[in-house]
Undergrad: 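The structure under discussion is supplied below as structure tokens; questions concerning it will follow.
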Amino acid sequence: MTQYVPSDFKEAECAYTLFVVAIFWLTEALPLSVTALLPGLMFPLFGIMPSRTVASSYFKDFHLLLIGVICLATSIEKWNLHKRIALKMVMMVGVNLAWLTLGFMISTAFLSMWLSNTSTAAMVMPIVEAVAQQIISAEAEVETTQIACIDGNTNQGLELDESVNGHEINEKIEKAKPLPGNCNDAEKITSRTELEKISVTGSKYRTKKDHMMCKLMCLCIAYSSTIGGLTTITGTSTNLIFAEYFNMRYPKCNCINFGSWFIFSFPAALIILILSWIWLQWLFLGFDLKEIFKCGKTKTVKEKACAAVIKQEYEKLGPLRYQEIVTLVLFIVMALLWFNRDPGFASGWAELFPEYPGFATDSTVALLVGLLFFIIPAKPLTKTTPTGETVAFDYSPLITWKEFQSFMPWDIAILVGGGFALADGCEESGLSQWIGNKLSPLGSLPVWLIILISSMIVTSLTEVASNPATITIVLPILSPLAEAIEVNPLYLLLPCTLCVSFAFLLPVANPPNAIVYSYGHLKVVDMVKAGLGVNIVGVAVVMLGISTWIVPMFDLHTYPAWAPLPNNQTIP
């Protein structure tokens, strides 16, 4: 006798699976990628989806795109191109502390557009730490010289040394060399008092201002590495998850690609970056416009020391090498091909294949360029011996498979695959439609209020859960909600996707926060105080963008033909 299984029982089983996975992701009782495998186990047992169908959800177009991007990132980091770009940008901005901070933020954000947020923060922080300690050391030498002017001889002064591996500052007393300059009596007495106090107490910082400067520079790196990732689809895993989910759920849209994402997200990221710089500058050091925009004034000893460190680090890299040039060329080629595939406002190269519309995607470009890193040699294939004879040389590509594997985030790949499997299960079981029907009463609220509430919920949730887990949980909920109230799905999904990255409050909220926190300059209360302001700025800018320049790009005020109606009919 065949037992009847009501359809809503399938919905309940899928909801139970979603609940278990969400709880495990939020609490991290198991590694995130291990939890992501649960749908592959539970859906076949509950009869929601067969095992082979669930397995196919774990590898999508997203993964091919990720592989190509990681090939580029591997070559950039292997040949130190990222360090050259960061230092060059900072040298162009200047050494005034405010402009120096902005220079680090811009260079970090730019690198984060193409590299992972974690690797960007890990690469830039040692440079920032060296610059900060050199500034403190330079000021200590100046004050020691001023003390020497009082006594008529050279006194013992404080010189700070950096320990890069432990991210700690070792203090030692050395004889300071006198520097030319005028001695002011008040400054001499103050300097003597401060240096004696530091020598006795063993404090890391000469003054409170130096401590505030270190906090400022650390938070600037953490936040800009996250903000920069907003601007490209490949910048963060959450952007990639959204793009794959959206294109899978709404295949007829064809409106989300590398170019369209950059056009709508870049202005928002730029505004958030500038406002965050102003907020952090004011919070820790004060925002003195006269000091920031001073013109024609000679550089202080602190600024000269800072410039010397940056220049010295850049000169260590030597001239631009062949490997860096090839990597830079491939990087530019990949970006241009992404932008010109289907820009929307003009014909792209995808139209060269009219018989295969939609076949070539951003992952096609990423794989094409990514494969070249395994083919192009890293060194000339021949060399000349001392006798003048040309002989064959060992062949080695720009990157090897072993190097690629060390950079490839397989845990993120599995985590994202688990999210896709959950989304497929919600659709197959009817849970998505059930959620949409239950949330349809929210349609009586203004759309802007729904967006604001959902953005604030997502921003709060992502502080205690990983960004990929958060976006994976909320996408299957927001899509049915948008369809139920007959609002363009992009109206809800775009702002919430951007807000998922606003994990600025806690050291454990995302890896860049944890990296800068490990240097020992920050307390949790510092990050909460600064991050709260950046969170507010981020949500406000996203709300501004979704109400202004983003609306005409995607015609957000109109329910699109590519989205299904609540009764599963499509708009004629």
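Below, all heavy atoms of this structure are taken into account, side chains as well, without hydrogens, waters or symmetry copies. Position 1 is the first residue of the sequence; numbering continues from there.
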Undergrad: Return yes if some donor-acceptor pair links the side-chain N/O of Glu324 with the main-chain N/O of Arg321 below 3.5 Å, else return no.
TA: yes
Undergrad: Please tell me if the side chains of Leu398 and Val326 come closer than 4.5 Å, counting only heavy atoms from C-beta onward.
TA: yes
Undergrad: Considering only heavy atoms from C-beta outward, does the side chain of Thr234 approach that of Phe258 to under 4.5 Å?
TA: yes
Undergrad: Which atoms form the tightest heavy-atom contact between Leu522 and Tyr517, and what is the distance?
TA: O-CE1, 3.4 Å
Undergrad: Working to the nearest 0.5 Å, report the span between CD of Glu129 and CD1 of Ile221.
TA: 11.5 Å
Undergrad: Using atom types as modelled and distance alone, determine if a side-chain donor or acceptor of Thr101 lies under 3.5 Å from a backbone N or O of Met217.
TA: no
Undergrad: Can you find a side-chain donor-acceptor pair between Thr236 and Asn239 that sits under 3.5 Å?
TA: yes
Undergrad: When you compare the side chain of Trp114 with that of Thr120, does any pair of heavy atoms fall below 4.5 Å?
TA: no
Undergrad: Is the ring centre of Trp282 less than 6.0 Å from the ring centre of Trp277?
TA: no
Undergrad: With distance as the sole criterion, is a donor-acceptor pair present between the side chains of His63 and Glu244 under 3.5 Å?
TA: no
Undergrad: Checking Phe373 now: which residues fulfil ring pair (Phe, Tyr, Trp, His ring centres under 6.0 Å) with it, not counting sequence neighbours?
TA: none
Undergrad: I want to check something: taking the side chain as every heavy atom from C-beta on, are Phe262 and Ile233 in contact at a cut-off of under 4.5 Å?
TA: no
Undergrad: Give the C-alpha distance, both sets of side-chain angles, the deciding distance and a yes or no for side-chain contact (heavy atoms from CB on, under 4.5 Å) between Phe502 and Leu230.
TA: CA-CA 10 Å; Phe502 296 160; Leu230 300 175; 3.8 Å; yes
Undergrad: As an exercise, state the distance from CD1 of Ile256 to OG1 of Thr497, rounded to the nearest 0.5 Å.
TA: 9.0 Å
Undergrad: For Leu494 and Phe554: C-alpha separation, side-chain torsions, deciding distance, then whether side-chain contact (heavy atoms from CB on, under 4.5 Å) applies.
TA: CA-CA 11 Å; Leu494 286 180; Phe554 302 107; 3.9 Å; yes
Undergrad: Not counting sequence neighbours, which residues clear salt bridge (Lys or Arg N to Asp or Glu O under 4.0 Å) with Lys208? List them please.
TA: none
Undergrad: How many angstroms lie between CH2 in Trp279 and CG in Leu275, if you round to the nearest 0.5 Å?
TA: 12.0 Å
Undergrad: Would you kindly say whether Thr470 and Asn467 are connected by a side-chain donor-acceptor distance under 3.5 Å?
TA: no
Undergrad: Is a side-chain N or O of Thr462 found less than 3.5 angstrom from the main chain of Val458, in a donor-acceptor match?
TA: no
Undergrad: Within the supplied structure, the quantity of interest is the number of heavy atoms (other residues, nucleotides, ligands) at a distance under 6.0 Å from Phe331 CZ; does it exceed 12?
TA: yes
Undergrad: What distance separates Leu280 CG from Cys218 SG, expressed to the nearest 0.5 Å?
TA: 11.5 Å
Undergrad: Between Thr108 and Tyr223, do the side chains contain a donor N or O and an acceptor N or O under 3.5 Å apart?
TA: no
Undergrad: Hey, could you give me the CD1/CG distance between Ile453 and Leu492, rounded to the nearest 0.5 Å?
TA: 11.0 Å
Undergrad: Please tell me whether Ser112 and Asn117 have a donor and an acceptor in their side chains that are separated by less than 3.5 angstrom.
TA: yes
Undergrad: Measuring only between side-chain heavy atoms, which start at C-beta, is Trp261 closer than 4.5 Å to Phe242?
TA: yes
Undergrad: Is there a donor-acceptor contact under 3.5 Å from the side chain of Glu403 to the main chain of Thr400?
TA: yes
Undergrad: Under a 4.5 Å cut-off applied to non-hydrogen side-chain atoms, are Cys255 and Phe246 in contact?
TA: yes
Undergrad: List the steps, then state whether side chain to side chain donor-acceptor pair (under 3.5 Å) holds for Ser479 with Tyr245.
TA: CA-CA 10 Å; Ser479 292; Tyr245 172 85; 3.2 Å; yes
Undergrad: Find out whether Cys71 and Phe404 are in side-chain contact, i.e. whether some heavy atom of one side chain is under 4.5 Å from a heavy atom of the other.
TA: yes
Undergrad: Drop me the distance from Gln405's CD to Ile399's CD1, to the nearest 0.5 angstrom.
TA: 11.0 Å
Undergrad: Can you tell me if Gln323 uses its side chain to pair, donor with acceptor, with the backbone of Trp79 under 3.5 Å?
TA: no
Undergrad: Begin from the C-alpha positions of Ile274 and Leu102 and carry the test side-chain contact (heavy atoms from CB on, under 4.5 Å) through to its verdict.
TA: CA-CA 8 Å; Ile274 298 298; Leu102 181 61; 4.3 Å; yes
Undergrad: Tell me, do Met334 and Leu72 make a side-chain contact under 4.5 Å, heavy atoms counted?
TA: yes
Undergrad: Show, in sequence, the C-alpha distance, side-chain angles and deciding distance for Ile471 and Leu475, and conclude whether the side-chain contact (heavy atoms from CB on, under 4.5 Å) test is met.
TA: CA-CA 6 Å; Ile471 191 68; Leu475 285 178; 3.8 Å; yes
Undergrad: Does Trp549 form a ring pair (Phe, Tyr, Trp, His ring centres under 6.0 Å) with Phe264? I'd like the steps, not just the answer.
TA: CA-CA 7 Å; Trp549 71 84; Phe264 90 78; 8.8 Å; no
Undergrad: Of all the heavy-atom pairs spanning Thr238 and Ser501, show the shortest one and how long it is.
TA: OG1-OG, 3.6 Å
